[in-house]
**Student:** 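Would you mind keeping the following structure in view while I ask a few things?
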Amino acid sequence: MTSLIQRSSGLVQRRTEREEEEDRDRDGQEEEEDRDRSGGDKEARLTLMEEVLLLGLKDREGYTSFWNDCISAGLRGCMLIELAFRGRITLEAGGMRRKSLLARKVVCKSDAPTGDVMLDEALKHIKETPTPETVQSWIELLSGETWNPLKLHFQLRNVRERLAKNLVEKGVLTTEKQNFLLFDMTTHPLTNNNIKQRLIKKVQEAVLDKWVKDPHRMDKRLLALIYLAHSSDVIENAFAPLLDDQYDLAMKRVRQLLDLDPEIESSKPNANEILWAVVATFTK
């Protein structure tokens with residue numbers, strides 16, 4: 001009986017050791033895949049907001065175009081999608097009559113910290129608001145575009161500057177002071193061109209060499225990047241280096257994505273409803 005127990009415990013021990021070895025192999029494979037996605041540079045792992053801002057920044061000058069009045073709302077849309085991708089927020093149930101994406105409220109699934117200060121700040125607002133808001137309302141509130149003085153505290157301030165500082169910490173940008181006649185301005189010129197070029201190449205390939213007609217076969221984060229880069233009026237920066245024929249084809253395929261019906265796409269299996277609600281907000 002004792003020998004049977006010993007043999008049994010030996011089997012359990014060997015099985016446990018084998019499971020631990022498999023776990024280590026699996027963890028190592030996941031880390032390798034993460035390095036591949038980030039080009040082998042852990043510091044270069046960017047959020048959706050940082051990617052959109054990086055596409056919009058002028059490399060040498062270190063600031064976005066003064067004429068771009070779309071990027072502010074676009075970055076707030078990025079935050080909602082990033083929170084949804086991380087499992088923190090979702091849309092309320094559609095109900096029997098299936099309310100439209102733009103009519104459904106955003107609800108908090110988890111208030112666990114994300115590790116990103118701005119995302120946690122936005123999540124705190126969403127969780128603590130007394131009356132749930134729609135995706136469109138949250139984009140406006142987080143941007144400070146509201147006539148209701150009681151809701152002005154929802155605004156996230158200095159978003160571009162804070163994102164730029166994140167990119168400085170990740171070794172993508174640097175910080176300089178520039179004089180503009182009447183005032184000094186903090187700018188963030190590009191210091192790691194490889195990271196931006198990888199980002200541009202990723203966007204270009206998504207609509208050229210690696211194009212798939214079905215958006216649900218495309219990586220969700222990359223799909224969101226294309227939509228939000230367009231909504232933020234920075235996608236032209238990714239396509240500027242292309243030849244004329246390539247540029248025309250890339251823009252044609254972006255327009256194909258823009259022509260999709262978010263209501264239909266959001267009802268398909270494994271669709272992220274927050275993503276399509278943000279798309280609906282900017283394309284309606």
Side-chain angles (χ1 to χ4, degrees), residues 46-52 70-157 159 162-163 215-216 218-228 230-232 257 260-284:
L46 309 182
T47 64
L48 192 57
M49 304 89 71
E50 291 164 352
E51 288 181 325
V52 168
C70 302
I71 195 169
S72 178
L75 291 174
R76 272 67 173 188
C78 289
M79 290 180 190
L80 295 180
I81 294 175
E82 189 75 54
L83 286 171
F85 284 167
R86 299 186 186 205
R88 301 305 195 276
I89 62 173
T90 188
L91 290 183
E92 65 179 350
M96 293 293 292
R97 300 179 63 181
R98 188 161 181 81
K99 291 194 288 186
S100 70
L101 290 171
L102 295 180
R104 292 162 66 186
K105 311 294 186 182
V106 177
V107 294
C108 179
K109 284 176 63 177
S110 167
D111 61 354
T114 65
D116 183 286
V117 174
M118 274 186 292
L119 288 179
D120 289 342
E121 193 176 332
L123 181 60
K124 184 173 183 288
H125 287 322
I126 292 171
K127 180 193 175 188
E128 294 181 355
T129 182
T131 55
E133 303 282 354
T134 63
V135 162
Q136 181 176 352
S137 293
W138 273 120
I139 290 174
E140 293 171 352
L141 290 171
L142 295 174
S143 302
E145 297 177 2
T146 176
W147 292 101
N148 187 342
L150 298 178
K151 294 186 176 182
L152 285 173
H153 67 284
F154 288 133
Q155 180 183 4
L156 297 183
R157 300 181 184 278
V159 166
R162 292 163 72 183
L163 288 173
H216 298 278
M218 190 182 294
D219 176 75
K220 283 188 175 69
R221 185 170 288 274
L222 183 52
L223 179 66
L225 175 59
I226 293 171
Y227 272 119
L228 271 298
H230 180 273
S231 302
S232 302
L257 291 176
L260 294 173
D261 185 342
E263 296 289 347
I264 295 174
E265 301 305 323
S266 68
S267 64
K268 293 181 179 179
N270 300 318
N272 187 293
E273 291 185 321
I274 291 284
L275 164 60
W276 290 107
V278 172
V279 171
T281 298
F282 287 116
T283 59
K284 62 176 182 162

**Student:** What closest approach, in Å, do C78 and M49 show between heavy atoms, and which atom pair accounts for it?
**Tutor:** CB-CG, 3.6 Å

**Student:** Take K268 and E265 through the salt bridge (charged side-chain N to carboxylate O under 4.0 Å, His left out) test and state the conclusion after the steps.
**Tutor:** CA-CA 6 Å; K268 293 181 179 179; E265 301 305 323; 3.3 Å; yes

**Student:** Determine, step by step, whether I126 and R88 satisfy the side chain to side chain contact (heavy atoms under 4.5 Å, CB included) criterion, reporting the C-alpha distance in whole Å, the side-chain angles of both residues, the deciding distance to 0.1 Å, and the verdict.
**Tutor:** CA-CA 10 Å; I126 292 171; R88 301 305 195 276; over 6 Å; no

**Student:** Is any side-chain heavy atom of L101 less than 4.5 Å from a side-chain heavy atom of V135?
**Tutor:** no

**Student:** Side-chain polar contacts of residues 274-284 - donor-acceptor pairs under 3.5 angstrom, sequence neighbours left out - could you list them?
**Tutor:**
residue	atom	partner	partner atom	Å
T281	OG1	A277	O	2.9
T283	OG1	V279	O	2.7
K284	NZ	Q136	OE1	3.0

**Student:** So does S100 get a backbone contact from the side chain of E263, meaning a donor-acceptor N/O pair under 3.5 Å?
**Tutor:** no

**Student:** Check whether any side-chain heavy atom of R104 lies under 4.5 Å from a side-chain heavy atom of R98, and answer yes or no.
**Tutor:** yes

**Student:** Test side chain to side chain contact (heavy atoms under 4.5 Å, CB included) on N270 and K220 and set out the steps.
**Tutor:** CA-CA 10 Å; N270 300 318; K220 283 188 175 69; 4.3 Å; yes

**Student:** Go through it in stages, so that I can follow the logic: the residues are M79 and V159, the test is side chain to side chain contact (heavy atoms under 4.5 Å, CB included), and I'd like the CA-CA distance, side-chain angles, deciding distance and then a yes or no.
**Tutor:** CA-CA 11 Å; M79 290 180 190; V159 166; 3.7 Å; yes

**Student:** Is there a side-chain contact between E82 and M118 in this structure, where contact means two heavy atoms from C-beta onward sitting under 4.5 Å apart?
**Tutor:** no

**Student:** Once you round to the nearest 0.5 Å, how far does CG of L123 lie from NZ of K109?
**Tutor:** 12.0 Å

**Student:** Could you check whether any side-chain heavy atom of L83 comes within less than 4.5 Å of a side-chain heavy atom of W138, counting everything from C-beta outward?
**Tutor:** no

**Student:** Within the structure provided, determine whether E133 and V106 are in side-chain contact (heavy-atom separation under 4.5 Å).
**Tutor:** no

**Student:** For S231 and C70, work out which heavy atoms get closest and say how close.
**Tutor:** O-CB, 3.3 Å

**Student:** Salt bridge between E145 and R76, side-chain N to carboxylate O under 4.0 Å?
**Tutor:** no

**Student:** Can you confirm whether L257 sits close enough to H230 that some side-chain heavy atom of one is under 4.5 Å from a side-chain heavy atom of the other?
**Tutor:** no

**Student:** Is I81 close to Y227 at the side-chain level, that is, under 4.5 Å between some pair of heavy atoms?
**Tutor:** no

**Student:** Over all heavy atoms of both residues, which pair between L156 and A122 is shortest? Give the atoms and the distance, please.
**Tutor:** CD1-CB, 4.1 Å

**Student:** Shortest non-hydrogen contact from S266 to E273?
**Tutor:** O-CG, 4.1 Å

**Student:** Sub-3.5 Å donor-acceptor pair from the side chain of R157 to the main-chain atoms of G144, do we have one?
**Tutor:** no

**Student:** If you draw a 6.0 Å radius around NZ in K99, do more than 12 non-hydrogen atoms from other residues or ligands fall strictly inside?
**Tutor:** yes

**Student:** For A112, does its backbone N or O pair with a side-chain atom of S110 as donor and acceptor, under 3.5 Å?
**Tutor:** yes

**Student:** Give me the atom names and distance for the closest heavy-atom approach of L48 to A224.
**Tutor:** CD2-CB, 3.9 Å

**Student:** Given the rule in the side chain to side chain contact (heavy atoms under 4.5 Å, CB included) test, do T146 and F154 qualify, once you have shown the distances and angles that lead to the verdict?
**Tutor:** CA-CA 10 Å; T146 176; F154 288 133; over 6 Å; no

**Student:** Quick one: closest heavy-atom pair of L119 and D116, and the distance?
**Tutor:** N-OD1, 3.0 Å

